[in-house]
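The block underneath contains the structure these notes are about, expressed in structure tokens.
Every chain is numbered from 1 and lettered A, B, ... according to where its sequence line falls, protein lines coming before strand lines.
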Amino acid sequence: MGTRVAPSPPPGAAELAEQARGGSPAALGDLYRLFGPALFRLAYRLSGSREDAEDVVHDVFVGLPEALQRYEERGRLDAWLKRLTARVALMRLRAGRRRAAIRLEDHEAADAPQRGSETGDLQAAVDALPTSLRSVLVLKEIEGYSHSEIGGMLGISAVASRVRLMRAMSRLRRILGGKQ
Amino acid sequence: MNERDELRAALRQLPVPDVSADLLPRILRSRATGVRVSLLAGGLALPWRWIGAAAAVAVLIGGSWIISLSLSRIGESAGRDRLGELLRGMTPWFPDGNARESSGIPAQPKYPLILADSLDPSRLTEGVWTYGSTTTTDGVLTESSFIGSTRIRMARGTYDRDPAWIVTTARNFRNERTHDFVDTVYIDASTLRPRYAVVSGYKRRTRTVQSFSSERGTQSITITGPMTGFYSGTMQLPFPPRAVFTSDFWPSRLRVLFPAIPLARGWQGSLYQTGLFKRTGPGTLEQHAVPLDLRVRGRDRVSVPAGRFECWRVEIEQHLGESLRWTMWVSRDQGWMVKAELRLTDQVVTEVLESYEPGP
């Protein structure tokens, strides 16, 4: 089982959060520069679409000053932001699933690895997973969350998260095995 | 390195495109122009946008009532519906994005209207029922943050010296955009029609009062605090005086009626719901009534925190802009609503009976 080793929080994040909470655009910009790329990667992996991922990050940062009113600094800011981003991404997937699927094809032509290559096949296999399985796969295997954390994030039990991961891995193997 | 480790490593190496350079400027522009996003709201967005779509139905229904008011008094400004914010949550359980414009034809009851004469009010009992609700999105995201719990107390009393059931409903929203709501409805003990209802909401700054005679209804909204206002209107009820109805659009209101309804295999009946009001144009609020069609579709054994129950499975079609289909499981012995489920395209809203305390 993989263990997530979280990096130390960037210096000044708490102060920036405090200033952003007060409505400072400069602080919001600094927070974006600190956390935006990581949040975009998470949103992209969950949504499978660059455009949707940017929309997610846009919404997260536009809503951040108000959301920070509820942030009680009990946990790390980066972890809190990731949970927030995952949640927004999942909600957005629900609302725009079809559109995301259409965009994916456009996007693949421009950015994604070519099908037929190992990476391309793996990406296609991940994209083929239903949202419920892909979410757990991304959060566990790529982002490194524990099943307990994923359960808390998705509102499911740790056992359910474990089961979904097993199903996701099984499907991935089946899809990839079928290509060989 | 085993197969799983290899797969994990490959997954982590899947390429991610670069984020657009203009994303931060877009974010800052959005903030500067007043765009706000509520990130911590529950899984179900609140019903106000839905209400906006449902209002399209209202204008087409003969019995609609119009409440005139000056929206400028309550501070409505571009892009911000403060009245909507104040009233938000008064008609819960309706997700946004689910209602569409009306087809142009007002819905008609599909089955015979349920008349008071067909009910058995003696089956109603005093007590307290507590329900918990969850929303599951895409089979993944399960939340209880929209309506955390609903507590319903039924007690015998009087209204205008007539025997009545006093039904108090307290809804605890776990959502930073919405506040707890409490309402009390006085229901005539013989006809089970609502006679008087009062709803408090938004930090108790809003108070909606409805009263119904056999043919007419009146409604007023009182808002205190910084956006003080008073609005009222009346409507002719568009259904017969003996027809049963509910005073708002919350299908779970049926739980009060279920014990008295003679559910049986193949039973079907319709009733009206009224109580929704929405700004339909500059300076107007509108209220309307829509039918709710009920049909017993089968029998199930249902386990919920309050116990295991033999139930009728009742399918309910609600005509709000577009049809919403609910399934409610009603215990055959007591007539309690044990479980309710609303299935949307990608969401399932579920409410289950958590506990029951008998009355005195």
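For the atom pair OH of A:Tyr44 and CG of B:Leu14, the computed distance is 8.5 Å after rounding to the nearest 0.5 Å. With rounding to the nearest 0.5 angstrom, the CG atom of A:Leu122 is 5.0 Å from the CG atom of B:Leu11. B:Leu24 CG to A:His58 NE2: the interatomic distance, rounded to the nearest 0.5 Å, is 10.5 Å.
A donor-acceptor pair under 3.5 Å is formed between the side chain of A:Glu54 and the backbone N or O of B:Ser20. Checking side-chain atoms of B:Arg12 against main-chain N and O of A:Glu141 turns up a donor-acceptor pair under 3.5 Å.
Using a 4.5 Å heavy-atom threshold, the side chains of A:Tyr32 and B:Leu23 count as touching. Using a 4.5 Å heavy-atom cutoff, the side chains of B:Arg26 and A:Asp55 are in contact. Looking at B:Val16 and A:Phe40, their side chains come closer than 4.5 Å, going by heavy atoms from C-beta outward.
With sequence neighbours left out, A:Ser161 forms a side chain to side chain donor-acceptor pair (under 3.5 Å) with A:His147.
The number of heavy atoms from other shown groups lying within 6.0 Å of CZ (A:Arg167) does not exceed 12.
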Exercise for the section: Assess whether side chain to side chain contact (heavy atoms under 4.5 Å, CB included) is satisfied between A:Leu28 and B:Ile27, documenting all intermediate values. Expected result: CA-CA 9 Å; A:Leu28 189 66; B:Ile27 291 167; 4.2 Å; yes

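What you find for A:Gln123 and B:Pro15 is that their closest heavy atoms are OE1-O, 4.3 Å.
Contacts of A:Val138 with chain B are absent, with no heavy-atom separation under 4.5 Å from either backbone or side chain.
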